[in-house]
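Below, each value reflects all heavy atoms present in this structure, side chains not excepted, and no hydrogens, waters or symmetry copies. In what follows, chains carry the letters A, B, and so on, assigned in the order in which the sequence lines appear, proteins first and then strands, with residues in each chain numbered from 1. The structure presented is a predicted model; accordingly, all values stated were derived computationally and were not measured.
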Amino acid sequence: MHLDFSPEDLAFQREVRAFIAENYPETLRGKQDEGDELTKEDFLSWHRVLARKGWVAPAWPVEYGGTGWTATQKYIWSEETASADCIRLMPFGLSMVGPVIYTFGTPEQKARFLPGILSGGDWWCQGYSEPGSGSDLASLRTKAVLEGDEYVVNGQKTWTTMAQHADWGFFLVRTNPDAKQQEGISFLLIDMKSPGITVRPIITLGGEHEVNEVWLEDVRVPVNQRIFEENKGWTCAKFLLAHERTGIAGVAASKRGIEKVKTIARAEMDGDKPLIANPFFRRKIAELEMDLTALEYTELRSLAGESAGKGPGPESSLLKIKGSEIQQRLTELSLEAVGHYGAPYFRGFGEGDNEHPIGPDYAHRAAPTYFNTRKTTIYGGSNEIQRNIIAKMVLGL
Amino acid sequence: MDFSYTETQDMLRDTLARFLADTYDFETRKMMLARPEGRDPGVWRALATELGILGAPFAEEHGGLGGGALENMIMMEELGKVIAIEPYLQTVVIGGGAMKHAKHHGGGAMADAVIPAIISGEAVIAFAYAEPQGRYDLANLRTTAKADGAGYVLNGQKAVVYAAPWATHLLVTARIGGSQREREGVALFLIDAKSPGVVRRDYPTVDGFQASEIYFENVAIPGDALIAGGIDLVEQLVDEATVAMCGEACGIARKLHEGTLDYTKQRKQFGVPIGKFQVLQHRMADIFIEVEQIASMALMGTLKLDLPANGRKAAVSLAKAKVSRSIRFVGQNAIQTHGGIGITQELAIGHYFKRATMIENQFGSADFHLDRFEQLTLDA
Ligand SMILES: Cc1cc2nc3c(=O)[nH]c(=O)nc-3n(C[C@H](O)[C@H](O)[C@H](O)COP(=O)(O)OP(=O)(O)OC[C@H]3O[C@@H](n4cnc5c(N)ncnc54)[C@H](O)[C@@H]3O)c2cc1C
């Protein structure tokens, strides 16, 4: 057992670094530096570069377009993309519905949907949650009734991230109202341009538009867009939830986040010294690094288990819990660091609007990001639900 | 020892609470924020004239109601309960505090003119004290006031001055001597907000207020704009403001608690109200505990404002450090307990959370105040 990279790994690391340096979109870098909200086109610009290179889906099996990398190579990839501050690709196609389709889909479905996910040609959203069904997802009420070879879908979804941009959505719908909750649910792929779909924005605390309500009124969905058997959608959902949780630790991104906090703390003055010399502040940075390292090595151990054939198990809840808490603490530190300049509200650059934000450039997103990041302990199965999972599934309580 | 409020104090609280309940519901507040000036000035006028309570902490000789810091705390707590966008802290607590001091330290004429204007609602005062480089150190000033004939010339920049876009007067800290972080040479001025050379860049704040960056460009001010007292006075005013804001935090925390408790009773998942889950019961208990401690610290700080400077500072710092920590706990857990709906603009709860978050660092973070407390009490 050791922590060293082999010569091949080191060569791979060099290759990755050079590739990012040469190919990461310039415009995207600029917007990130300014702290601008990113558009669909921004997200796709990096996605397309990776798709062309064949590196867009490292987690997928090679036969479907994966890279065939070893666990170490995947680790190097996530480290390098994070330390170069590359944006994270939208997970809904690549990390969520893609694996469901190649695991449970028919050959026709794979041929129809996987290429669009890989190329970025199709933008996906996740239609699970409903106003009355959040943590208790299996209680969902959106119903689908089979008429000939089409389902007619009626109901309301909510919190649907990026639905405003989506070409496709994967939805959980109730196809058998009489069965036990989990046994009457099916997994449908729905064209978001179908008649009867209305997407309404929900504005979150930082002023962002990232989530939506999605209303479905007599939406007709061909039966060949159902994945897996009718009433077996919960199997897909459970599989996907486990997938969603790996990577949710966001270790590499948090490492980068710590570097950003340090940069702010070096620039901010505290009396005649930079804030980073303040004993209370630097202690909090050290504590974050401590917890992040503990998380990192827990994730590495769990990944090692996975490549030894054990699928992601309920212990991935641990990664979700600690990862999300660390992400939140990072935003707390940034907000503390910027002092008074956490308060000004800057709506972002509108078209033809070149007024500069108030205070230092790193300051104006600190509060909105802090507010927004409260979501990480809520979505993807709230941290309370994750602890319930550990208690029940791991500890047998 | 006596922790009971007087009948007059109870009446003050009830009057204000009833008025705000009628005029300051969440939807109305939203409409006020959407106005070009970011508030409804009619509310301030009503507080002054209809209710006649802006004089709460002023002496009767000025047309006030004869109260003091406790009245300020009561007012701030009630204003906090509706996350009011009203310049009470800036105008009455800080501006009024400065005028009460001026009255007895050579600024009688100024006080006699300004206090009645505060009470009548005509004067709105903003406190321009923070600077981009200064963090929470009140003496860390680059803004200068150079003596010029009988008056001064003001130059410099002030950061995030709450309520400045609405202000008739600015209460400004500036150096009349000394070097950037020295206590010596700090002075306080009350100037006309419309003085030539005062340049403002206005903007909304994340907690719904309006604020400005203020640039003083050779602003000529009269000699009698100076309020005697130096850094000691500035510290006293900020301490008074800090505990008043702890009162606001108390009002906000009570609402966060109340709203979240209601929600845990209404919201059902897995066929039961989520308040049936023990982990949420314990969390609600913890929120309750923190709210009570915020109330205690706001009161403790207020009652100790009259101590000699070091005792006062130590008490205020303990109060603010505790309130900063507790309000963070209460705010974060209120959002978490609401789930997704907690992070939307649609519900009031998120807006309470935003103001709560800004209170954490305003007038000094928990770290800043614990440090100040340590220096005052442990190094002695
Ligand atoms: C920014 C954001 C993006 C999202 N994106 C998507 C998306 O793209 N697609 C999608 O389908 N969904 C999405 N969601 C929804 C998300 O999955 C839900 O918010 C989450 O499942 C929690 O549900 P809820 O909000 O209804 O809260 P509730 O389930 O009502 O929970 C409220 C509180 O009760 C607690 N609680 C509930 N049950 C228990 C229990 N048994 N024991 C202890 N505590 C409990 C919760 O932890 C929480 O603190 C998103 C949410 C957010 C905030």
Sub-4.5 Å heavy-atom contacts with chain B: which residues of residues 324-334 of chain A show up?
A:E332
Working to the nearest 0.5 angstrom, can you tell me the gap between A:H340 NE2 and B:E213 CD?
10.5 Å
Pick one of side chain, backbone, both or neither for B:R181, based on which atoms fall under 4.5 Å of a heavy atom in chain A.
side chain
Validation row, ring centre B:F353 to ring centre A:F371 under 6.0 Å
yes
Not counting sequence neighbours, which residues clear ring-ring contact (aromatic ring centres under 6.0 Å, His included) with B:Y129? List them please.
B:F127, B:F363
Atom CG of A:L335 and atom CG of B:N361: how far apart are they, to the nearest 0.5 Å?
6.0 Å
Separation between CG (B:D371) and CG (A:D270), nearest 0.5 Å, reads 8.5 Å
Highest number of heavy-atom pairs under 4.5 Å with chain A among B:E360, B:R267, B:Q210, B:Q362 belongs to B:R267
Does any backbone or side-chain atom of B:I341 lie under 4.5 Å from a heavy atom of chain A? Answer side chain, backbone, both or neither.
both
Who pairs with A:A363 by side-chain contact (heavy atoms from CB on, under 4.5 Å), at least two apart in sequence or on another chain?
A:V338, A:Y341, A:P360
Max heavy-atom pairs within cutoff under 4.5 Å with chain A, candidates B:F209, B:F270, B:Y162, goes to B:F270
Does some side-chain heavy atom of A:I378 sit less than 4.5 Å from a side-chain heavy atom of B:I343?
yes
Test log, rule side-chain contact (heavy atoms from CB on, under 4.5 Å), inputs B:T344 and A:W159:
CA-CA 10 Å; B:T344 72; A:W159 311 124; 3.4 Å; yes
What I want to check is whether the side chains of A:T377 and B:Q336 have a donor and an acceptor closer together than 3.5 Å.
yes
Heavy atoms only, distances under 4.5 angstrom: which of B:I335, B:V279, B:N140, B:T357 has the most pairs with chain A? Name it, please.
B:T357
Spacing of B:H338 atom NE2 and A:R374 atom CZ [to the nearest 0.5 Å]
14.0 Å
Determine yes or no for a side-chain-to-main-chain donor-acceptor pair under 3.5 angstrom, with B:Q133 supplying the side chain and A:M269 the backbone.
no
Scored by heavy-atom pairs under 4.5 Å with chain A, the best of B:R328, B:R283, B:K268 is B:R328
For B:D207, which residues count as a salt bridge (Lys or Arg N to Asp or Glu O under 4.0 Å) partner, sequence neighbours excluded?
B:R355
Can you tell me which portion of B:A159 sits under 4.5 Å from chain A's heavy atoms? Options are side chain, backbone, both or neither.
both
Inter-residue atom distance B:K354.NZ - A:L205.CG, 0.5 Å rounding:
5.5 Å
Chain A contact via B:D137 - side chain, backbone, both or neither, heavy atoms under 4.5 Å
neither
Mind checking the CD-NE2 spacing from B:Q345 to A:H209? Nearest 0.5 Å is all I need.
12.5 Å
